[in-house]
Amino acid sequence: MTILVTGGRGHVARAVVQQLLDVGEKVRLASRNPTAVTAPDSVEVVGADLTRADSLIPALAGVSKVFLYADPAGIDNFVEAAQKADVEHVVLLSASPVTGANPGANPLAVMHKAAEQALLDSELSWTFLRPATFATNTLQWAYSIRTEGVVRAAYPEAYNDAIHEADIAAVAVRALTEDGHVGRAYLMTGPESVTQRQQVEAISAAIGRPVEFVELTPAEYRETLARWGGGLVDQLIRYLAENDGVPMPVINTVELVTGRPARTFDEWARDHADDFR
Ligand SMILES: NC(=O)c1ccc[n+]([C@@H]2O[C@H](COP(=O)([O-])OP(=O)(O)OC[C@H]3O[C@@H](n4cnc5c(N)ncnc54)[C@H](OP(=O)(O)O)[C@@H]3O)[C@@H](O)[C@H]2O)c1
């Protein structure tokens with residue numbers, strides 16, 4: 001049976017596809033922009049947009065399980081189409097803030113909670129993945145590192161619990177291919193709490209070139225992120241301020257589920273060194 005992976009151009013989706021192929025599964029990859037997707041020859045690539053119900057019916061034909069990017073705007077379409085297609089199991093890429101103290105104040109938590117709730121209200125069997133901060137977020141520094149050897153940001157000593165996309169994918173693949181994950185919600189982090197400055201140092205070591213952290217004030221940093229739109233920028237600045245000099249707890253879900261310790265940020269930086277060169 002075929003496993004459908006949505007969010008085809010996303011980092012996590014691409015890692016899920018590769019790891020499913022590694023264990024011999026048949027994979028269909030869906031993207032809103034299928035011509036922009038690069039995938040191994042054995043992968044069937046289809047166009048699908050969760051907000052367009054008509055695109056989901058062919059994408060789900062003959063599919064037994066789905067790796068799903070959370071999109072509250074399209075989740076009802078997805079639930080309806082997946083139930084009609086007799087999909088057996090859905091692994092949802094949610095996010096750790098849904099378990100935070102005040103999820104209603106965090107736009108990311110609100111969005112992911114809505115997607116989780118739609119699956120809870122459905123007849124579909126589900127597993128929720130609730131990863132912490134993606135290590136791939138640091139790719140936003142790639143251009144200035146490549147062109148100037150600098151990172152300009154606020155709160156260099158702010159900690160995060162960065163997780164490698166390959167570890168999120170490894171848990172997803174277990175939930176898609178093994179028994180025992182139905183109705184489970186996996187909060188997961190990287191193996192260590194790292195500051196933004198330590199992340200810049202790790203990238204510098206991985207590419208073998210100095211990278212300077214140029215500290216901005218929160219107001220200056222906010223201006224550089226204006227294109228993101230207010231809610232997400234407020235959330236990011238609040239997150240950095242709250243974790244400034246405050247190490248975060250980490251949990252070993254990745255190791256418990258996969259039997260392999262989560263990858264460190266140093267390892268992520270080595271895996272992505274070419275993105276910063
Ligand atoms: N960044 C973090 O720290 C973090 C932490 C926890 C959870 N998350 C969650 O993880 C997900 C990916 O985050 P990311 O920032 O790393 O993004 P990303 O890797 O750039 O991937 C985003 C993907 O979502 C897919 N997508 C969006 N709208 C869609 C729609 N209407 N129909 C079908 N697919 C759609 C897109 O796939 P196509 O364009 O190829 O269709 C896109 O490739 C998001 O839900 C995010 O909230 C992120």
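Both counts, for ligands and for their atoms, begin at 1 and track the order of listing. For clarity, every value in this text was computed on a predicted model and none was experimentally measured.
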When distances are taken from atom 19 (O) of ligand 1, the protein heavy atom at minimum range is His11 N, 3.1 Å
Proximal ligand 1 atoms for Ser31, defined as those under 4.0 Å from one of its heavy atoms
38 (P), 40 (O), 41 (O)
Looking at His89, His181, Arg184, Lys65, which one forms a side-chain hydrogen bond (donor to acceptor under 3.5 Å, both in side chains) with Thr127?
His89
Using the six-membered ring wherever Trp is involved, compare the ring planes of Tyr69 and Phe67 and label them parallel, tilted or perpendicular (cut-offs 30° and 60°).
perpendicular
Judged by non-hydrogen atoms, does Thr6 sit under 4.0 Å from ligand 1?
no
Single hit among Glu192, His164, Gln198 for side chain to side chain contact (heavy atoms under 4.5 Å, CB included) with Phe265
Glu192
For atom 32 (N) of ligand 1, what's the nearest protein heavy atom and its distance?
Leu50 N, 3.1 Å
Consider every N or O of Arg9 and every N or O of ligand 1, then say whether any pair is closer than 3.5 Å.
yes
Is any heavy atom of the protein nearer than 4.0 Å to atom 17 (O) of ligand 1?
no
Return yes or no for this condition: an N or O of Thr51 is under 3.5 Å from an N or O of ligand 1.
no
Sequence neighbours excluded - side-chain hydrogen bond (donor to acceptor under 3.5 Å, both in side chains) pairs with any residue from residues 241-253
none
Ligand 1 contact on Val37 by region, counting heavy-atom pairs under 4.0 Å:
neither
Short N or O distance, Thr136 and ligand 1, threshold 3.5 Å exclusive
no
Below 3.5 Å, N or O to N or O, backbone or side chain included: is there any such pair between Ala30 and ligand 1?
no
Which residue and non-hydrogen atom of the protein lie closest to atom 36 (C) of ligand 1, and at what distance in Å?
Arg32 NH2, 3.3 Å
What verdict does the salt bridge (charged side-chain N to carboxylate O under 4.0 Å, His left out) test give for Arg222 and Asp234, after you've listed the backbone C-alpha separation in whole Å, the side-chain angles of each residue and the deciding distance to 0.1 Å?
CA-CA 8 Å; Arg222 180 183 293 278; Asp234 290 346; 2.6 Å; yes
One residue to check: Phe134. Relative to ligand 1, which of side chain, backbone, both or neither has a non-hydrogen atom less than 4.0 Å away?
both
Linked hydrophobic residues, Val150 as query - side chain contacts closer than 4.5 Å:
Val214
of all protein heavy atoms, closest to atom 25 (C) of ligand 1 is Gly7 CA, 3.6 Å
Mark the output for Gly74 as yes if a heavy-atom distance to ligand 1 is under 4.0 Å, and as no if none is.
no
Contact region, Ser96 to ligand 1, non-hydrogen atoms below 4.0 Å, reads neither
